[in-house]
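Both counts, for ligands and for their atoms, begin at 1 and track the order of listing.
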Amino acid sequence: MIQIISTKPYTDQKMGTAGLRKKSKVMMQEHYFENFLQSIFNTINPSGKTFIVGGDGRFYNDIALQKLIKMSAANNVKKLIIGQNGYLSTPASSNLILKRHTDGGFVLSASHNPGGENGDFGIKFATQTGGQCSSQVSDQIYANTQTISEFKIYNSPDIDLSQIGLYKMGSMEIEIIDPIVDYVELMKEIFDFNLIKEMFQKGFTMRFDAMNAVTGPYAVRIFEDILGAAKGSVLNAVPKPDFGGLHPDPNLVYAAELVKIMYADDAPDFGAANDGDGDRNMILGKKFFVTPSDSLAILTDNYNLIPAYKNGIYGVAKSMATSTAVARVAANKKIGYYEVPTGWKYFVNLMDSKRITFCGEESFGTGSSHIREKDGIWAVLFWLNIIAATGKSVEQITLEHWKKYGRSYYLRFDFDGISTDTANLLMKDLTLKLPSLNGQKINCFEVDKAETFVYNDPVDHSSTTNGLRILFADGSRIVYRLSGTSSSGATLRVYIERFNRDNLQADPRIMVDELLKIAMDIAEIQQRTGKKEADVTT
Ligand code: G1P
Ligand code: ZN
């Protein structure tokens, strides 16, 4: 029953910040998915192992899942635990890896990238830590893709994924499970559901935009069915293969429907959105937006209000590009503080070694050591729990936070669709230029340090470089990175942070403008890319 099929390597199967992400049409090429999966199997030896499997329901999930099942059976996998209909959010999958003590898992998703035949598709591979595999493992997998000559696949009809139950393919067991129950249980262990429920009973209103992606069913079950938010509080609740044409990235640009509701005069008390696979979140109050960097700082500052954390937390970590707001909270609370490269996998060692409890990224990612991925619904529940415990609005909570700690005005500017050569050369030249900026004064900003960011992992002692940064004496910063998740061409990300202790309610775009100009000048962005301004600002 096991077929051995000859194949030829593809040269472009290197994982980025989070798994392998490509245009759907690239993934649909003959043996493309099979080559990549077999390379993972060749690297990790799956024989006798158990994996969690799911995805965000996007286009090509159904076909890729059947390939994954048949190839697992042919590669001697002991058992697959699969979300019903192939659905599992990234956080739910991480939870199951830990809860069921499996050897790892696969999430078929390109996260917040658009889906559909003309959109993107992706595969994330997690190890038994519940987090995505390390760069060292992904390098080995990539090396394997470069020499692969055959893959193994079981000759069998497709498995029907719509019915919960136990099945077999050859000697491999298949367990199809409810994708939601275990996740809901975990959330109930962390947060004060009764308190939040009371708040809804008293008339609190919210909208959650699931963006036609995987969190819809989770959100309906948790917010509407269990916590008692009004029916219809969850928008775009049914997962669709093309996300109904939405770009399922929860930010002010792409979650436009929610933003319109939250900025209307009759806005509900609270608004939130999640991305394609449910690990990103955006938090809104009435006519009020909380940056993800501030959100991480505010959650950390309020940990004592949450049942699971009230007895104390370990430290906190952020990706280097994320604003320094949380650093000030960590200093105040006297807890450990770490800055890692972009990508959730860099938090995993810190969580496993109990150095940190919370972590976050500016890219709408927040989470804790309850799992090893960022967690969109967790962040929403955390905010609801704080609001229920304090009786304060999102805006009040945030304003009070700024009064206590000062405000990091922060925006990210993305320059999309640059040719890879142009982008690489820009970064290379900038790397060489940075040392000459040290100690210089640019307008009124004094450069403290201009350098390549190098992360030395305190646990496995690996060293990673990720992005360039210019740190100014007043606490402001400019960071440059190339995206590791774009499915074609290059995206240059420029992150600007301007710190202010007194002027707390200004327009962020105005506050960062001068630094943005400086950043564009230093890197010669317009000359080199032809772009006068960023394509997307978040
Ligand atoms: C982007 C984000 C990063 C996040 C990743 C996966 O990666 O910037 O914070 O971890 O998506 O969600 P990038 O494209 O910048 O490499
Ligand atoms: Zn995601």
| message | Quick check on the 6.0 Å ring-centre criterion: do Tyr183 and Tyr218 meet it? | response | yes
| So, Phe358 versus Tyr303, ring centres under 6.0 angstrom or not? | no
Could you tell me which atoms of ligand 1, counted from 1 in the order shown, lie closer than 4.0 angstrom to a heavy atom of [X]?
X	result
Gly343	10 (O)
Arg493	8 (O), 13 (P), 14 (O), 15 (O)
Ser363	2 (C), 3 (C), 4 (C), 8 (O), 9 (O)
Thr342	3 (C), 8 (O), 9 (O)
Gly484	13 (P), 14 (O), 16 (O)
Arg412	8 (O)

Does the plane of the ring in [X] sit parallel, tilted or perpendicular to the ring in [Y]? Use 30° and 60° as the thresholds.
X	Y	value
Trp402	Phe288	tilted
His370	Trp378	parallel
Tyr455	Phe453	parallel
Tyr60	Phe33	perpendicular

| request: Taking the Zn ion (ligand 2) as the vertex, measure the angle between atom OD1 in Asp279 and atom OD2 in Asp275; round to 10°. | output: 90°
| query | At the Zn ion (ligand 2), what's the angle from Ser111 OG to Asp277 OD1, rounded to 10 degrees? | reply | 110°
| query | At what distance is the nearest protein heavy atom to atom 1 (C) of ligand 1, and which residue and atom is it? | reply | Arg280 NH2, 3.6 Å
| field | Minimum-distance protein heavy atom relative to atom 7 (O) of ligand 1 | value | Thr485 CG2, 3.5 Å
| said: Quick check on Gln526: does its CD atom have over 12 non-hydrogen neighbours (other residues, nucleotides or ligands) under 6.0 Å away? | reply: yes
| query | Could Asp120 and Lys22 be called an ion pair, given the rule that one side-chain N must be under 4.0 Å from one carboxylate O? | reply | no
| field | From Glu361, Arg481, Lys374 - option closest to atom 6 (C) of ligand 1 by heavy atom | value | Lys374
| Taking distance alone, with no angle check, do Ser111 and ligand 1 share an N/O pair under 3.5 Å? | no
| task | Compute the shortest N/O to N/O distance between His112 and ligand 1 and return yes if it is under 3.5 Å, no if not. | result | no
| task | Check step by step if ring pair (Phe, Tyr, Trp, His ring centres under 6.0 Å) holds for Phe121 and Phe59. | result | CA-CA 8 Å; Phe121 190 78; Phe59 175 83; 8.2 Å; no
